[in-house]
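Note that the coordinates shown come from a computational prediction; the quantities given were computed from them, not determined experimentally. Residue numbers run from 1 in the order of the sequence given.
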Amino acid sequence: MASLANTTAGAVAGARKISNGKPIPFVSSKSLSFPSFRPSISSLKPLIPTKFSSLSPLQCSPNPSPSTSPPSLKSRLRNGETLYGIFLLSFSPTLAEIVAFSGYDFVVIDMEHGPGGIHESLQMLRAVATTNTPAIIRLPESSAVWAKKALDLGPQGIMFPMIDSPKDAKKAVSYCRFPPNGIRGSAHTVVRASNYGINEGYLSNYKEDLLIMCQVETVDGVKKVEEIAAVEGVDCIQMGPLDLSASLGYLWDPGHKKVREMLRTLEKEVLKSDRKDGGAFLAGFAMPHDPPEALGKRGYHMVSGAIDVGLFRNAAVEDVRKFKISLNADSNDSDDDKDSDEKYWSE
């Protein structure tokens with residue numbers, strides 16, 4: 001150790017002298033200053049192989065290019081497809097991933113009634129992205145702030161609850177568009193919706209790619225649904241059966257005749273609109289008394305047939321029920337065996 005210390009001290013002392021033996025002041029790293037260096041793409045071009053130098057960041061990205069992406073929900077609806085989806089309330093990425101692998105056409109990440117917010121919605125989007133399953137985010141309320149934060153995550157669709165008038169619908173559309181066509185705040189150079197700024201065509205395509213859905217779920221909304229569906233930018237009317245039944249005074253009985261009549265009125269008004277001339281598609285949620293197959297036969301373009309929490313609940317309840325029944329069956333079998341044994345020995 002002593003020899004190492006001597007060697008180090010000698011090296012430092014030698015470094016303080018120049019070749020002619022005159023001492024020079026010792027220069028520390030703190031006294032050094034360097035000009036700031038900000039590399040640009042052009043300064044790095046000589047370092048990039050020729051065959052890659054002409055590629056844009058999007059082409060270099062491992063993500064698929066727009067030309068290889070699956071068709072959007074909007075384009076599939078315009079092509080006449082009937083789409084089947086599911087609502088995700090659990091905010092479990094694992095359940096979301098299972099749902100995505102199951103083959104649903106779309107999922108609705110429900111911030112209105114689910115426990116999750118923006119951060120949890122991001123995790124859900126990432127979970128379904130593995131299969132390119134389109135996601136729609138339902139907002140907790142129709143506001144510019146919630147719409148902005150949700151849209152920055154990059155869903156294919158956005159659903160506004162409690163739209164009761166054309167004025168409400170116009171506001172909802174304005175929340176989805178940048179000025180001068182709307183009031184959406186802009187951070188498109190860094191948010192997930194634009195691949196964090198890598199998708200240079202985002203501003204040109206975002207309006208065409210986004211599905212704007214307005215949920216009509218009150219008596220007032222149904223009365224004005226034709227006008228709501230005609231608002232420029234509204235792509236789809238989503239009916240809300242439970243809130244509509246509550247609005248009519250039948251929350252405990254969503255299958256009541258008056259509720260069904262009001263739903264039929266909503267359906268007819270939306271379905272008669274000309275979608276080639278600004279009309280809206282019709283989306284609905286199935287109920288025990290109104291299964292998804294029935295909605296499809298009545299002309300709905302988007303049908304949501306289940307909720308992840310409901311599916312898991314039903315499976316769990318049924319699992320327990322089967323086991324309890326098996327215990328009772330085994331108990332009855334044991335009693336029968338006992339009776340048989342007693343009868344045998346009594347003979």
Worksheet item: Under a 4.0 Å N-O cut-off, is there an ion pair linking Glu261 with Lys268?
Response: no

Item to complete: May I ask you to test the Phe285-Leu295 pair for a side-chain heavy-atom distance under 4.5 Å?
Response: no

Item to complete: For residues Phe312 and Asn314, determine if any side-chain heavy atom of one lies less than 4.5 Å from a side-chain heavy atom of the other.
Response: no

Response to the item:
Nearest heavy-atom contact between Glu227 and Pro166 is CB-CG, 3.4 Å

Item to complete: Evaluate the side chain to side chain contact (heavy atoms under 4.5 Å, CB included) criterion for residues Ile109 and Ile136: first the C-alpha distance (whole Å), next the side-chain angles of each, then the deciding distance (0.1 Å), finally the verdict.
Response: CA-CA 6 Å; Ile109 301 170; Ile136 298 162; over 6 Å; no

Worksheet item: In Å and rounded to the nearest 0.5 Å, what is the CZ to CG distance from Arg313 to Leu311?
Response: 8.5 Å

Worksheet entry | Non-hydrogen side-chain atoms of Ile212 and Lys207 separated by less than 4.5 Å | no

Worksheet item: Can you tell me how far CG of Asp110 sits from CG of Leu139, rounded to the nearest 0.5 angstrom?
Response: 10.0 Å

Discussion item. More than 12 heavy atoms of other residues, nucleotides or ligands under 6.0 Å from NZ of Lys224: yes or no?
Written reply: no

Worksheet item: Applying the 4.5 Å side-chain criterion to the ILVMFWY set and letting contacts propagate, would Ile158 and Ile118 be lumped into a single cluster?
Response: yes

Worksheet item: Sequence neighbours excluded, which residues qualify as side chain to side chain contact (heavy atoms under 4.5 Å, CB included) partners of Lys322?
Response: Glu318

Discussion item. Can you confirm whether the side chains of Asp308 and Ser90 place a donor and an acceptor under 3.5 Å from each other?
Written reply: yes

Worksheet item: Can you tell me how far CG of Leu242 sits from NE2 of His113, rounded to the nearest 0.5 angstrom?
Response: 8.0 Å

Discussion item. In this structure, would Tyr196 and Tyr202 fall into the same cluster of hydrophobic residues linked by side-chain contacts under 4.5 Å?
Written reply: no

Worksheet item: Nearest heavy-atom pair of Ser142 and Ile163: which atoms, and what distance?
Response: OG-CD1, 3.7 Å

Worksheet entry | Any Val108 side-chain heavy atom under 4.5 Å of Ile86 side chain | no

Item to complete: Check whether any side-chain heavy atom of Tyr300 sits under 4.5 Å from a side-chain heavy atom of Thr82, and report yes or no.
Response: no

Discussion item. Within the structure provided, determine whether Val128 and Glu97 are in side-chain contact (heavy-atom separation under 4.5 Å).
Written reply: no

Fill in: Nearest heavy atoms of Val216 and Gly221, plus distance in Å
CG1-C, 3.4 Å

Worksheet item: Backbone N or O of Ala286 within a donor-acceptor pair of the Asp290 side chain at under 3.5 Å?
Response: no

Worksheet item: Near Phe101 CZ, under 6.0 Å, is it more than 12 heavy atoms from other residues, nucleotides or ligands?
Response: yes

Worksheet entry | Verdict with supporting geometry, Glu267 and Arg298, side chain to side chain contact (heavy atoms under 4.5 Å, CB included) | CA-CA 8 Å; Glu267 294 167 1; Arg298 295 206 301 274; 2.9 Å; yes

Fill in: Value rounded to 0.5 Å, distance of OG in Ser304 from CE in Met302
6.5 Å

Item to complete: Output the distance between atom CG (Leu266) and atom CD1 (Ile228), rounded to the nearest 0.5 Å.
Response: 8.5 Å

Worksheet, complete the sentence: In short, Cys176 meets Leu151 closest at the heavy-atom pair CA-CD1, 3.6 Å

Worksheet entry | Distance-minimising heavy-atom pair for Val259 and Pro254 | CG1-O, 3.3 Å

Practice prompt. Decide, yes or no, whether a salt bridge links Arg76 with Asp105 under the criterion of side-chain N to carboxylate O below 4.0 Å.
Written response: yes

Worksheet item: Is the shortest heavy-atom distance from the side chain of Arg192 to the side chain of Leu122 under 4.5 Å?
Response: yes

Discussion item. Between Asn199 and Ser194, is there a side-chain donor-acceptor contact under 3.5 Å, judged purely by atom types and distance?
Written reply: no

Practice prompt. List the atom of Ala172, the atom of Phe160, and the distance in Å for their closest heavy-atom pair.
Written response: O-CZ, 3.4 Å

Worksheet item: Is the ring centre of Phe106 less than 6.0 Å from the ring centre of Tyr84?
Response: no

Worksheet item: What's the spacing between Tyr206 OH and Leu203 CG if we round to 0.5 Å?
Response: 7.5 Å

Worksheet item: Is the shortest heavy-atom distance from the side chain of Leu83 to the side chain of Leu73 under 4.5 Å?
Response: yes

Worksheet item: Under a single-linkage definition using a 4.5 Å side-chain heavy-atom cutoff for Ile, Leu, Val, Met, Phe, Trp and Tyr, are Leu77 and Leu282 assigned to the same hydrophobic cluster?
Response: no

Item to complete: Is it possible for you to say whether Phe87 and Leu95 belong to one hydrophobic cluster, with membership spreading through side-chain heavy-atom contacts below 4.5 Å?
Response: no

Fill in: Glu81 and His301: CA distance, side-chain angles, deciding distance, side chain to side chain contact (heavy atoms under 4.5 Å, CB included) verdict
CA-CA 7 Å; Glu81 292 189 51; His301 307 101; over 6 Å; no

Worksheet item: Ion pair present between Arg184 and Asp152, side-chain N to carboxylate O less than 4.0 angstrom?
Response: yes

Item to complete: Mind jotting down which residue pairs meet the side-chain hydrogen bond (donor to acceptor under 3.5 Å, both in side chains) criterion with at least one end in residues 231-257? Sequence neighbours excluded, please.
Response: Arg177-Glu232

Worksheet entry | Within one Ile-Leu-Val-Met-Phe-Trp-Tyr cluster: Met159 and Phe281, side-chain cutoff 4.5 Å | yes

